[in-house]
Amino acid sequence: MPVTRITRLGAVNAYLVEEEDGLTLVDTMLPRCAGRILKAAADRPIKRIALTHAHGDHIGSLDALAEKLPGVEVLISGRDARLLAKDLTLDPGEERGKLRGGYAGAKTRPTRTFEAGERIGSLEVVAAPGHTPGQVAFLDARDRTLYCGDAYSTVGGVATTAKTYPRFPLPAKATWHHPTALESAQALRALEPARLAPGHGKVVEAPGAAMDAAIARGAA
Ligand SMILES: [Zn+2]
């Protein structure tokens, strides 16, 4: 499947995934990016918006898009749905970390929440907590493209959020719990993705070795 990446300055991404009935949009970038996203979709209908997590640079244009796309499905994990609604209370056990990064919230409510193991069209929902408590990745079962949210970034090279990466420190600094982020990075690596499509940075083909190196750095 062709990967359609929409980017702002190469640093903040959303993706359009082709399905039989139209498009799935993965994440919505910053505020004021709706026009850019709709332009990339062109005449193909965006049927659903699937969010990897609730940080402001992933949900920023959700309200504007929901307004322009009546009937669009809006999907996020049950856990991060609370963050999307600006409920920043921690669940029992989550006090081991601290919520970091911007939770701007959205007026738009999910039409449905999902859990790991569910399917959204061709995308398998994979748990990827750590960066946020309820972050997920989406694995395209057709070609093993992994839309990994902020579990990995590729600005300045492939990195996890388990440890601050000097060339692009922001994702790790916005991470709730670093050891959990490392576990998720390992779990995603074990999926043997053919292509890594991150929230920040370029798409990386055959990312296995780079993911291994990133995990090793994150664990050091
Ligand atoms: Zn994030």
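Both counts, for ligands and for their atoms, begin at 1 and track the order of listing.
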Give the minimum heavy-atom separation between C148 and A137, together with the two atoms involved.
CA-CB, 3.8 Å
Intermediate values then yes/no, side-chain hydrogen bond (donor to acceptor under 3.5 Å, both in side chains), E19 and S122:
CA-CA 7 Å; E19 297 285 3; S122 302; 2.8 Å; yes
Among residues two or more places apart or on two chains, list those pairs meeting side-chain hydrogen bond (donor to acceptor under 3.5 Å, both in side chains) that have a residue in residues 35-47.
E18-R44
Side-chain donor-acceptor contact under 3.5 Å, E115 with S77
no
List the atom pairs, with distances to 0.1 Å, where a side-chain N or O of residues 194-201 and a protein N or O form a donor-acceptor pair under 3.5 Å, not counting sequence neighbours.
| from | atom 1 | to | atom 2 | distance (Å) |
| --- | --- | --- | --- | --- |
| R195 | NE | E205 | OE1 | 3.1 |
| R195 | NE | E205 | OE2 | 3.0 |
| R195 | NH1 | D143 | OD2 | 3.2 |
| R195 | NH1 | T145 | OG1 | 2.7 |
| R195 | NH2 | E205 | OE1 | 3.4 |
| H200 | ND1 | A11 | O | 2.7 |
| H200 | NE2 | D57 | OD2 | 3.3 |
| H200 | NE2 | H58 | NE2 | 3.3 |
| H200 | NE2 | D150 | OD1 | 3.2 |
| H200 | NE2 | D150 | OD2 | 3.2 |

The Zn ion (ligand 1): protein N, O or S atoms [distance under 2.8 Å]:
H53 NE2, H55 ND1, H131 NE2, D150 OD2
Please identify each residue that fulfils side chain to side chain contact (heavy atoms under 4.5 Å, CB included) with R96, with sequence neighbours left out.
W176, H177, T180
